[in-house]
Amino acid sequence: MKAFPETFVRRLRPILLLNVVFSFFSFPQARAQEHPFGAEPGLVVIAGAEDDGPWNEAFALRMARGGRNLVHVLLKEEKLVNEWRGRFAEAGHGGVILVDALPANGRLPYPDRFVNALWANESVAPEQARRVLAVRGKVHHLGLEENAVVPPDLTGIDSWTHRFYDASGNCVSRDRVAALPEAIQWQHGPALEDGTADGKVPRIAYGRLLAVDNLTGDLVCRDAGNGFLLWRFPARLPDRSDFAVVGGKAYFHHEPLAPAAKDERRHLGRGPLVELDLRSGKLLRSFSESLSAGAATPVAFRRPQEDRERKERPYPWFVVSQKYVAQAYGPDLALLDRRTGERLLSKKLGDTLTWFTPVIAEKENLLFVAECRHPARRGRHDGSSDVRALVAFSLPDGKERWRNENCHPLREIEEKGRRFLAKPELKPLSYAAGHLLVHLSSYQFRHGGGIALLDARTGKERWSETFVPKQLYTQGSQR
């Protein structure tokens, strides 16, 4: 990513800030803006504007009528800058339309993938147009041919659709563009406001960034390239709620709030899975056959080193692939057809057991999941401290392919002269290239941990490595 002139940053920042202020207020329906030429809302740049050309003041004003679209006019003649600024200010567009001169060298003053709609003349090289074009953007370049549309260069750009990358849980992106940052691309509000702190992970896909607003519980969608607000949906999600983005749709648990409801907290993160259109922010449907969050009863369990019984409410885990939606909620496991919403299979454990970390290997037609005696927790680091077995089911018939019960050994540990039984937590599973990675760990590695690689088709162990407490972690290394 290339740095861009500080003067442009100073001029654009107050307008983006106004956009953020207006976007704070949420409405009953998600809000979206329509671009007058069919493109989605965002930052519009007119490079090479002039009084007598097709891209004149009237054209810029037309572009500004799309709601909260921001327009940056780069004039062909520098001497006209103050004159254009004055006329736009008199017309009431001073906070919406910026005017500057087009750099003599034709280099556009923006970082990579920043502009949503660009009209450029022959003084702007096609390579420059492609460089600044956002993933969801369009370019009309007169230097190629009249009204030629230059598509964005998506080579090497990947998405991050789940908390752990995608439905496989393999947190290794295929992106070949991301690198060490050289400058700030954009910033919204107080740092980390949109649910990106303390282990919460935004989703990035189709040129958009989705995150949960910690203050309102809204699901917020911004342009990933420039931070422009596209819509916000009043989802009332707790800050650690799960959501996924697949096939141009967003998926999360949501219960529409009745008009007479007085206590919204009872509805936070509850309800069936729903599907939201990523482009417009509109609610498309509710999966009537899905497992409904908030319906599971607390599960009783006892930790290995404790005598007393505890009760804990299970977390509604789910992942979404191109074909399937897999849910693991308390003792219930469900597989849905993503396109039709039909439930394809159901599995149920005893009342004292719960499912955890569903993973889909779609090419292998396999679903992996863990059976737990201790309900897995959602936090900065998800995990369960007592797992009975790892299981693989074939898709979509749900037949058990294999079962591995030697996956979570109980270990006797001595600390400060006291011996006790403990287990490191099983962390979310990861699938890649025909293998399943099993990861055990614990806070500050107090209970030790380990890793193992299983054959995804048979469940047999290929290799494993066990680490004793403090082997990888010491107070000295923490400092």
Side-chain angles (χ1 to χ4, degrees), residues 1-20 35 39 41-51 53 55-57 59-61 63-64 66 68-89 93-144 150 152-153 177 179-188 207 222-229:
M1 186 180 78
K2 302 298 182 183
F4 51 100
E6 178 63 23
T7 54
F8 174 69
V9 177
R10 289 197 301 267
R11 291 174 59 77
L12 187 60
R13 185 175 292 153
I15 298 180
L16 288 174
L17 181 60
L18 281 173
N19 176 258
V20 169
H35 192 284
L43 175 63
V44 179
V45 172
I46 306 171
E50 53 187 338
D51 281 331
W55 301 334
N56 50 24
E57 285 186 56
F59 182 79
L61 288 170
M63 299 302 296
R68 288 191 304 271
N69 286 334
L70 304 182
V71 180
H72 193 201
V73 177
L74 297 175
L75 286 173
K76 198 171 184 179
E77 298 182 59
E78 186 174 2
K79 63 182 181 181
L80 297 177
V81 170
N82 289 333
E83 184 180 336
W84 277 50
R85 287 177 182 170
R87 289 201 290 263
F88 283 135
H93 297 283
V96 177
I97 303 177
L98 290 174
V99 181
D100 287 296
L102 179 67
N105 60 5
R107 180 174 175 81
L108 297 174
Y110 314 103
D112 299 350
R113 293 177 296 282
F114 194 74
V115 177
N116 301 118
L118 171 64
W119 275 259
N121 63 15
E122 61 279 358
S123 61
V124 177
E127 293 74 20
Q128 275 293 301
R130 289 190 175 93
R131 180 186 67 81
V132 302
L133 187 61
V135 172
R136 61 182 193 89
K138 291 182 179 180
V139 172
H140 297 264
H141 196 290
L142 291 185
L144 298 178
V150 180
D153 184 5
V177 174
L180 292 175
E182 299 176 5
I184 295 176
Q185 182 96 352
W186 58 269
Q187 179 176 332
H188 156 63
R222 296 184 177 277
D223 185 282
N226 55 39
F228 193 93
L229 177 73

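A distance-only check finds no donor-acceptor pair linking the side chain of W55 to the backbone of L75 [under 3.5 Å]. Between the side chain of N69 and the backbone N or O of G42, at least one donor-acceptor pair lies under 3.5 Å. The main-chain N or O of D112 is found under 3.5 Å from a side-chain atom of Q185 such that the two form a donor-acceptor pair.
Considering all non-hydrogen atoms of both residues, V73 and A49 come closest at CG1-CB, 3.6 Å. Closest approach of F88 and A60 over heavy atoms only: CZ-CB, 3.8 Å. Between A47 and L102, the closest heavy-atom pair is CB-CD1, 4.1 Å. Heavy-atom minimum distance, I46 versus M63: CD1-CG, 4.3 Å. Considering every non-hydrogen atom in both L74 and P109, the closest pair reads CD1-CD, 4.0 Å.
Ring-plane geometry between Y110 and F114 is classed as parallel, the angle between the planes falling under 30 degrees on a 0 to 90 degree scale with a further cut at 60.
With sequence neighbours excluded, the residues satisfying side chain to side chain contact (heavy atoms under 4.5 Å, CB included) with N105 are P103, R107. Contacts of N56 classified as side chain to side chain contact (heavy atoms under 4.5 Å, CB included), with partners at least two apart in sequence or in another chain: A58, F59. Every residue was checked against the salt bridge (Lys or Arg N to Asp or Glu O under 4.0 Å) condition with E78, not counting sequence neighbours, and none meets it. With sequence neighbours left out, E50 forms a side chain to side chain contact (heavy atoms under 4.5 Å, CB included) with K76.
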When you look at R131 and E127, which way does the salt bridge (Lys or Arg N to Asp or Glu O under 4.0 Å) test go after all the steps?
CA-CA 6 Å; R131 180 186 67 81; E127 293 74 20; over 6 Å; no

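Counting heavy atoms from C-beta outward, L61 and H93 have side chains that approach closer than 4.5 Å. Side-chain contact between N82 and R85: present, with at least one pair of heavy atoms (C-beta onward) separated by less than 4.5 Å.
Rounded to the nearest 0.5 angstrom, N226 CG and N116 CG are separated by 5.0 Å. For the atom pair CG (L108) and CG (L118), the distance works out to 6.0 Å, reported to the nearest 0.5 Å. To the nearest 0.5 angstrom, D51 atom CG is 6.0 Å from E57 atom CD.
H72 pairs in a side-chain contact (heavy atoms from CB on, under 4.5 Å) with only one of the listed residues (L98, V99, I97), which is L98.
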